[in-house]
Amino acid sequence: MAKRDVLRILREQYEPISGQKIAQMLSISREAVWASVQKLRRDGYAIVVKPKGYLLLKPTAPLSAKAIQSNMQGHPWQDRLTVLKLVDSTNDYAKRLAAEGAPEGTAVLAEAQQNGHGRRGRSFDSPAGHGIYLSVILRPQEKPTALLHLTAAVAEAVAEAVEAQTGLQVDIKWVNDLVAGEKKLGGILSEMSADFKAEQTNYIVVGIGLNCCQSAGAFPPELAQMATSIAAQTGVQPDRNALVAEILIALSRLRDTLMTERSDWIQRYASRCITIGKQVRVLRAGKARKAVALGINESAALAVEYSDGTREWISSGEVSVRGLYGYIS
Ligand code: BTN
């Protein structure tokens, strides 16, 4: 038990942390911390002892605003980026900035999140130095109901950016999961602030979580079967700074064409969406019904056909669609 807790703390740090501090945080002895570190090393974790304490080595260069900006020279969003070492959630941080009036294209990026989350309150594992945890503020003028395709379009834009930067083929599991090799590579969480009565959108924070550098065996046990990373799929550690720049540029292109090229975004999303044509379980109010996914419409709603032949459009907020036998199928 102590081993897992020590690992959780080390995964959140980008600077060395003393054995005494870890011991205090966990109410255990320094000897127990040391014993856990030894066990973790035997498990293959690269933990070094620095003058200021223990450090779990990270596989790639740190995130850097300068390095990201050098890949987006002249782009209007390049100076709207904040890079943090540790944050509760980049989405929560970006929502705070948006409420204070931050402009469109303001982006928050962190090396680690303590409370990274996805849809339906699920947590998003966010170890330091291994992923991209990025949130971007958008301020579309359209009314909230005209923006139902946004999350799908963001998933498509991010998938295209990852492919362009790494060569990895990225699929999408309806509605917001990024998938590679039939495992989850990442996900999108869009959060909107709006006056629904006045049909006015205040802002949308789009959050992007991507597993980049984890080796296949490095995920926590509960994710081991269903999660993957760019490095695990390609055998190459991606340049996270270049990839963040590519994603930001892709998002600004999406912002410019969200309404004018809506059908194109949806068509490209649909051809990437591995849910279509598959048997799925539609979960609603604790009950599961088997169905076949037929296709999606301009609002990114999913058409399903139940075994009794009835059909229904499902919107993302309503239900969750799972494969019949596992994460994908
Ligand atoms: C999902 O899988 O349901 C979506 C996961 C979204 C995770 C990202 S990481 C950056 C941003 N901050 C969060 O707390 N969530 C999103």
Side-chain angles (χ1 to χ4, degrees), residues 11-12 63 68 81-99 102 106-138 150-159 161-162 170-180 182-193 203-214 219-220 222-223 225-230 238 240 243-244 247-248 250-251 269 273-275 283 300 302 315-323 327-328:
R11 289 169 101 227
E12 286 172 356
L63 294 167
I68 294 165
L81 174 66
T82 301
V83 181
L84 304 165
K85 290 265 189 278
L86 179 65
V87 71
D88 47 356
S89 146
T90 55
N91 262 36
D92 294 350
Y93 194 103
K95 282 192 281 181
R96 293 191 284 270
L97 294 183
T106 299
V108 180
L109 177 70
E111 282 287 9
Q113 298 183 112
Q114 271 172 326
N115 184 28
H117 45 267
R119 287 173 65 236
R120 293 161 199 291
R122 291 194 195 110
S123 67
F124 187 83
D125 189 46
S126 311
H130 284 75
I132 289 175
Y133 319 117
L134 172 67
S135 300
V136 182
I137 298 172
L138 300 180
L150 178 75
T151 301
V154 170
E156 174 60 25
V158 174
V162 173
V170 180
D171 300 319
I172 294 172
K173 176 172 171 276
W174 188 85
V175 61
N176 68 328
D177 274 3
L178 301 169
V179 172
E182 300 209 336
K183 292 185 170 189
K184 180 159 172 165
L185 187 69
I188 312 296
L189 174 67
S190 304
E191 297 186 88
M192 176 186 277
S193 157
Y203 63 79
I204 299 177
V205 167
V206 295
I208 296 139
L210 264 180
N211 302 326
C212 293
C213 306
Q214 291 93 335
F219 290 96
E222 64 277 14
L223 298 179
Q225 294 305 311
M226 60 171 279
T228 192
S229 73
I230 294 171
R240 290 182 302 155
L243 183 49
V244 169
I247 291 171
L248 288 172
L251 288 179
Y269 174 91
C273 179
I274 49 172
T275 309
L283 305 174
L302 185 73
S315 70
S316 56
E318 242 180 312
V319 290
S320 93
V321 172
R322 301 236 185 98
Y327 174 60
I328 299 295

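Note that ligands are numbered from 1 as they come in the structure, with each ligand's atoms numbered from 1 the same way. Excluded from the calculations below are hydrogen atoms, water molecules and symmetry mates; all remaining heavy atoms, backbone and side chain alike, are included. Residues: numbered from 1 along the sequence shown.
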Contact residues of ligand 1, where a non-hydrogen atom lies under 4.0 Å away:
Ser89, Thr90, Asn91, Gln113, Gly116, His117, Gly118, Arg119, Phe124, Tyr133, Leu134, Ser135, Asn176, Asp177, Lys184, Gly187, Ile188, Leu189, Gly207, Ile208, Gly209
In this structure, CE of Met226 is separated from CG of Asp177 (nearest 0.5 Å) by 7.0 Å
Listed partners of Thr275 passing side chain to side chain contact (heavy atoms under 4.5 Å, CB included), at least two apart
Lys173, Trp174, Cys273, Val280, Ala293, Leu302, Val321
Within this structure, what is the OG1-CG distance for the pair Thr90 and Leu84, rounded to the nearest 0.5 Å?
9.0 Å
With sequence neighbours excluded, tell me which residues meet side chain to side chain donor-acceptor pair (under 3.5 Å) with Asn115.
none
Passing candidate, side-chain contact (heavy atoms from CB on, under 4.5 Å) with Val154, options Asn176, Ile188, Ile247
Ile188
For Glu111, all residues meeting salt bridge (Lys or Arg N to Asp or Glu O under 4.0 Å), sequence neighbours excluded
Arg240
